[in-house]
Every structure is written in C-alpha cells, then in structure tokens.
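Heavy atoms only: backbone and side chains are in, while hydrogens, waters and symmetry mates are out. Owing to the predicted nature of the structure, the values given are computational and were not obtained by experimental measurement.
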Amino acid sequence: MKTDRDLERQLASIDRRGYPAYKSLHGTYDFGDFELDIAHVQGDPFAAPSQLAVYVPGDVSGLPACCRDAAHRRTATEDLLVRRFSKEAAQASFKVGGSGKSGFIGTSNPGPEILARSACEIAPDGAVMLRFEAGLPAHGRTIDARAAARMLLDLIPVCVERALMLDDAGRRAAQKAAELADDQRAVRSAMRERGLVAFVADGSVLPRSSGVSAKPLAGARPFTSPESMRVTLELPHRGRVRGMGIRRGITLIVGGGYHGKSTLLKALQEGVYDHIAGDGRELVATDETAMKLRAEDGRVVRAVDISPFINNLPDGRDTRSFSTEDASGSTSQAASTVEALEAGARTLLIDEDTSATNFMVRDALMEAVVAGEHEPITPFVERVRALWERHGVSCVLVMGSSGAFFPVADSVIQMDAYEANDITERVRAVLADARLAGTYPEAPGLGVSAGKASEAGETSASSSSDQDAPASRPLELGGRLERRSTGRPGRRGRARGGDGAGTARHEHLKVRGRGRDGFSVGSYDADLRLVEQLVDAEQSAALAQMVRVVLEHGLLDGMRALRDVVDEAFRVLDEQGWEALSPYGDAACGLARPRPCELFAALNRLR
C-alpha cells in the first residue's frame, strides 16, 4: 500500500498541471494510525467535490465494545462520530483557498434525528469508516499542489485525530449515545407490549425555536402528562420515566389556535425516529409505521382503489383503479390513505389544517341540502371507526373547528397553552346530551385488506363483533406496478445495456436531487414536498438511488406488486450495504436510510 509520503511526492509531481492530473491520486494511502482512500476525484474545481474516506482501525478508534455490539448502538455511535467529524471539518474547511470548491472539507450534517447514514460505518471490531467530500485546490483550472498537501496531509489528519480517535471524554460521549439508544429501544418495546401508538415523556420540550429551525425553543414549557394518561416505563439506564401514553385506537387532539395541537402532532410524526440528547424529544416515540396524511393538490395518482372513500362519480369513472395527473385535495388524501395502508401503516396521523374538508367530514346541514346520493365522497369520519375495530389501524387526529369526530373517538386530549389535558369524560358527558349526540355509522364497503388487526397484534377497542357489523368489500391493495409507476407504454425505466435482471450495465440513469423536495431519475420525476416525515435531504437522495436501482433492474415490469418491489429494494440495501446505491460501486457520504413507507410514497409519486 502507498503511504502518506507517496501522496506527498505525487502531489509535488502534478503541481501547476491541468486539473485532470488530480486523478492520478486515486487510491489508498497509509498514514500510520489510519488509511486515506481517495475514491473519486472531481474533474473540475467547480464540479461536485471529490469523494474521500478514512479508515481507522479498532485499536486506534478507542470505541468501547458497548458502543458497537448491537445494531441500534452502532447506529447511535456512527451518528455521534459523523457529528464530531462534521464539526471538525467545518473548522478546517476553506482554510486553503482557490477556485470553485477549492479547500472545502465536509461530510453529512445531521439534524436532531438519528439515522443510519452512508457517511459512517463501524465494524464489529470497532474499526471506523468515515466518508467525506473535499474540494481539491486549484487556481483557475491549474492544480495548487502546495494547498492540496496542506489539506490532505495536515488539515484532514487533524480532523481524523480529533473526531475519530477517542480520548476519555470521547469514549464517555459514545457510551452515553449508546445508552440513550438502549433507552429509546426500551421505550418502543414497552409501547408494543402496552398497546401504545406513542409515548411522550414528562419534561420533553416539544416547541421548536422557529418554523425553519429544529432546535428546541428556549424557555418553552416542558411537557407534563395528564394524570389519567400517565404511564411509567422502566428504562435500562434512565430508570423510571413517566409520560403520556397514547393508546391504540382513535385519539383526538383538540384546543384553540396556537395552544400546541399541531406542535404535539409534529413531535409525534417525527417520533418515528430517535433523537439526540438535548433535542427535547429524545424520549418522544411513535409507532415506526405511522404515516402522516394530508391533502396534496396536484399530485399524480396511479391505479389506486379509492372506492372506499370516493365512488359513483357523475361521469361514471371506475374509482376501483383510479388514475389522474392532477388530483384534487380530497382525491389525493383518499389515495394517500389507501397507499398508507398498502405500505403497512398501523397508525395514521392527520391534521385538520392540512386536510381536505370534504374528505374529512360532511355536516348534517349539508346532508339535508345536498342528498347523500348526489355526493360521491364518503367522509373519513365514517370510515375511521371501522379502520380500528376491524383492521387494527389507529388514528391520531388534530381537530380545531369540527366536532364530528368526537362520537367516534376513544380518547380526547385538549391542548391549553401547551398543557395537555385528558377531556375524554367531559366529551362523553356532552355527547350524552341528546341534542348534541350524533351518529356516524360506517358506510358500506369499507375497503382495506382483511387481517390488519391480527397483523397489528391488537384486539378491537369495541365490544361489537364483525358478525353484527355489515360486511365490507375488501380492497385490492398492491396493484400492478406497471400501471402504478408510468401509465405510459414503453417507459419501463430500464437503462440501456441492461437486461432487467440485475446484470452489469453500461449506462446508468442520471439522478438529480432537489433536497427534501424530491428528485428526478432519468425521465421520471418525484415530488416529495408534502411527504412530511422525510426529515433529511439525505433520505431523499437515498430514495432517488433506490428508485434508480429499481428502474435499472427492470422491477417496474407490471408483474410485481409494490410491496414486493419495496421489499426487494431494502433487501439489496441490507445485504450489499451502501455500495448497492452507488452507480460507481464505491459508497459515498450523502445518503441516509429512509423508511420503507417513504419508498412507497416515492414510487407512488413518480411521473
């Protein structure tokens, strides 16, 4: 293997040559305590930065065994190391100047969520692989070897030493991260055992400092659970922790404007991910399958059975396999609901503010003026009870202006100046008044696949039996992907030179990312702006690469159900690692693992 001295000599030999001469640096160099791998060299100082990686052996990294002996601990420790290296790289970045991206050093810059990232991988023996980017220095398009030597032989080794070679303080920080991961795992395990869809620990800080910041709001009121909803969990490191447990079933969050309803729901929708210490929501956890639903005017819909919610259209169109390039708010929300069930969601999260009103409710006065036979929409309020009782799908809804969901709710939380109060009994007393009580019977033909309740491991929250209820027509979930993905003949998404069976290809589809907003792959485009549980642009980048792999391997062949395609994509990622998502074979930083339901969402939104 070449050494750092070889790298120094090679740099001297290409000084003041044209920028492409940097490609001669490609390879791995032994620096003694670590190895530096120059995997991909940019072709121009104004192009995307070069891809580099460092490998630190286990006996040098100093990682305690407790930080790497289980998958959840490794992920938490990898997250910590990425944050440490990112901080050091930010201080070293652009200390040498030049044209374009000359002097840049950087890696993933995580938010408060703890995600598995391509930027860092820890081996069972404690060895660390940290991937990062660097802008090799140039003046114009001429190599500045002296500046490059300072970057590669001085600045980067200092970053590696400070971030990845742990001293006593670093080992303590890694151990604390692993212990928090243990506690978060214990919370999720306890939730499943106790039939909870969410847990919010007392003392959590839910408000954020602003609408564009993920930092906790300074001076915010800490969360306190209503006594009637308080549960106590025994965690392996923090010991006894109390907080609000939201049970499976139908839960309403109500209250006046600006009192914290949507703040609580946002904490729940992001509680599908673990959070770092100090975020304020590190012990806020939600069912990992939970999906936030909303109206998405203008989204594409491909061959989705929306008949449980929309049927008998005036023009006679069949809503059992409905497609449109420009869905309305109600149609898009109906499609998203069905797609969420197809993706395996056991919990639905809905905010009245971002929902289509006519999809959610239809009041008695409107029913009296416009007869039901003239309204093709069956509102969600008439379906939600059966979703839970027959199919084990829970729902948490924020409602601020309509009381239509009170009669079908199992529990009601009122947010009052960011204080949570259980008002379930008060609502029941109000409903007992015959003048206010209403009935919202299930409309015939509720469409979800049978067996959801058994998959969720839950029993019905109602004493009524399926024998007493009207029969429901099962919904065909998981339609053929050819219809779902393209709707256009001849666009199967297969790259030239490939046979669709996973063999080597001569050309890859071009991927263009737009941060969290979406991406394009070849001639396809996915708009993800309203897929709210994507919290990191690197998740969108990973989704783009997963869609590329799906298209290049010909999986959108019209023969596979969407569930099979998603399962196959994650199987490849799990078995082959991040390299499976690289069109060049070498993994790079910049990818974060999404949930399977987000891949469902991306494939369903391909145009």
Closest approach of [X] and [Y], non-hydrogen atoms and distance?
{"X": "V408", "Y": "V381", "result": "CG1-O, 4.2 Å"}
{"X": "A541", "Y": "G590", "result": "CB-O, 3.6 Å"}
{"X": "V511", "Y": "A544", "result": "CG1-CB, 3.6 Å"}
{"X": "Q545", "Y": "L581", "result": "OE1-O, 3.2 Å"}
{"X": "V197", "Y": "M191", "result": "O-CE, 3.4 Å"}
{"X": "Q414", "Y": "G255", "result": "CG-CA, 4.2 Å"}

[X] and [Y] ion-paired at < 4.0 Å:
{"X": "R563", "Y": "E342", "value": "no"}
{"X": "R83", "Y": "D79", "value": "yes"}
{"X": "K266", "Y": "D351", "value": "no"}
{"X": "D44", "Y": "K101", "value": "no"}
{"X": "R560", "Y": "E568", "value": "no"}
{"X": "R117", "Y": "D536", "value": "yes"}
{"X": "R302", "Y": "E325", "value": "yes"}

What is the distance from atom [atom1] of [X] to atom [atom2] of [Y], rounded to the nearest 0.5 Å?
{"X": "I350", "Y": "L293", "atom1": "CD1", "atom2": "CG", "result": "5.0 Å"}
{"X": "T347", "Y": "Q269", "atom1": "OG1", "atom2": "CD", "result": "13.5 Å"}
{"X": "I423", "Y": "F406", "atom1": "CD1", "atom2": "CZ", "result": "5.5 Å"}
{"X": "S394", "Y": "I250", "atom1": "OG", "atom2": "CD1", "result": "8.5 Å"}
{"X": "I413", "Y": "E419", "atom1": "CD1", "atom2": "CD", "result": "12.5 Å"}
{"X": "L573", "Y": "E579", "atom1": "CG", "atom2": "CD", "result": "10.0 Å"}

Give a yes or no on whether the backbone of [Y] and the side-chain of [X] come within a donor-acceptor separation of less than 3.5 Å.
{"X": "R514", "Y": "A526", "result": "yes"}
{"X": "E352", "Y": "G400", "result": "yes"}
{"X": "S323", "Y": "A303", "result": "yes"}
{"X": "S118", "Y": "A588", "result": "yes"}
{"X": "D517", "Y": "R529", "result": "no"}
{"X": "S204", "Y": "L206", "result": "no"}

Run the side chain to side chain contact (heavy atoms under 4.5 Å, CB included) check on V200 and L268 step by step: do they pass? CA-CA 8 Å; V200 183; L268 296 180; 4.0 Å; yes
Does the side-chain hydrogen bond (donor to acceptor under 3.5 Å, both in side chains) test come out yes or no for Q333 and E296, once each step is laid out? CA-CA 7 Å; Q333 196 161 355; E296 297 181 57; over 6 Å; no
Are more than 12 heavy atoms from other residues, nucleotides or ligands located less than 6.0 Å from atom [atom1] of [X]?
{"X": "R247", "atom1": "CZ", "answer": "no"}
{"X": "R571", "atom1": "CZ", "answer": "yes"}
{"X": "F46", "atom1": "CZ", "answer": "yes"}

For Q51, which of Q42, R131, E133 qualifies under side-chain hydrogen bond (donor to acceptor under 3.5 Å, both in side chains)?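 Of all the options given, the one that passes is E133.
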Side chains of [X] and [Y] in contact at under 4.5 Å (non-hydrogen atoms):
{"X": "K292", "Y": "L265", "answer": "yes"}
{"X": "E113", "Y": "H275", "answer": "yes"}
{"X": "L603", "Y": "L606", "answer": "yes"}
{"X": "R605", "Y": "E339", "answer": "yes"}
{"X": "L115", "Y": "E538", "answer": "no"}
{"X": "V301", "Y": "N604", "answer": "no"}
{"X": "N311", "Y": "T378", "answer": "no"}
{"X": "I310", "Y": "F322", "answer": "no"}

Checking R595 now: which residues fulfil side chain to side chain donor-acceptor pair (under 3.5 Å) with it, not counting sequence neighbours?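 Once residues adjacent in sequence are excluded, the partners of R595 under the side chain to side chain donor-acceptor pair (under 3.5 Å) criterion are Q533, E598.
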In chain order, what residues pass the ring-ring contact (aromatic ring centres under 6.0 Å, His included) check against F380, with sequence neighbours excluded?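 With sequence neighbours excluded, F380 shows a ring-ring contact (aromatic ring centres under 6.0 Å, His included) to F359, given in chain and number order.
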Checking F519 against L528 for the side chain to side chain contact (heavy atoms under 4.5 Å, CB included) test, could you report, in this order, the C-alpha distance in whole Å, the side-chain angles of both residues, the deciding distance, and whether it holds? CA-CA 8 Å; F519 57 82; L528 304 179; 3.7 Å; yes
Run L387 and C395 through side chain to side chain contact (heavy atoms under 4.5 Å, CB included) and show every step you take. CA-CA 9 Å; L387 274 174; C395 194; over 6 Å; no
Working note: R188 + D274, criterion salt bridge (charged side-chain N to carboxylate O under 4.0 Å, His left out); need CA distance, chi angles, decisive distance, verdict. CA-CA 10 Å; R188 297 187 186 279; D274 292 338; 3.1 Å; yes
Checking side chain to side chain contact (heavy atoms under 4.5 Å, CB included) for the pair L509/Y524: CA distance, chi angles, key distance, verdict? CA-CA 10 Å; L509 296 173; Y524 292 94; 5.8 Å; no
Between T424 and S411, is a side-chain hydrogen bond (donor to acceptor under 3.5 Å, both in side chains) present by the stated rule, with each step listed? CA-CA 5 Å; T424 306; S411 58; 5.0 Å; no
Once side-chain contact (heavy atoms from CB on, under 4.5 Å) is applied, do any residues pair with T289, and if so which ones, sequence neighbours excluded?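 With sequence neighbours excluded, T289 shows a side-chain contact (heavy atoms from CB on, under 4.5 Å) to D287, R346, given in chain and number order.
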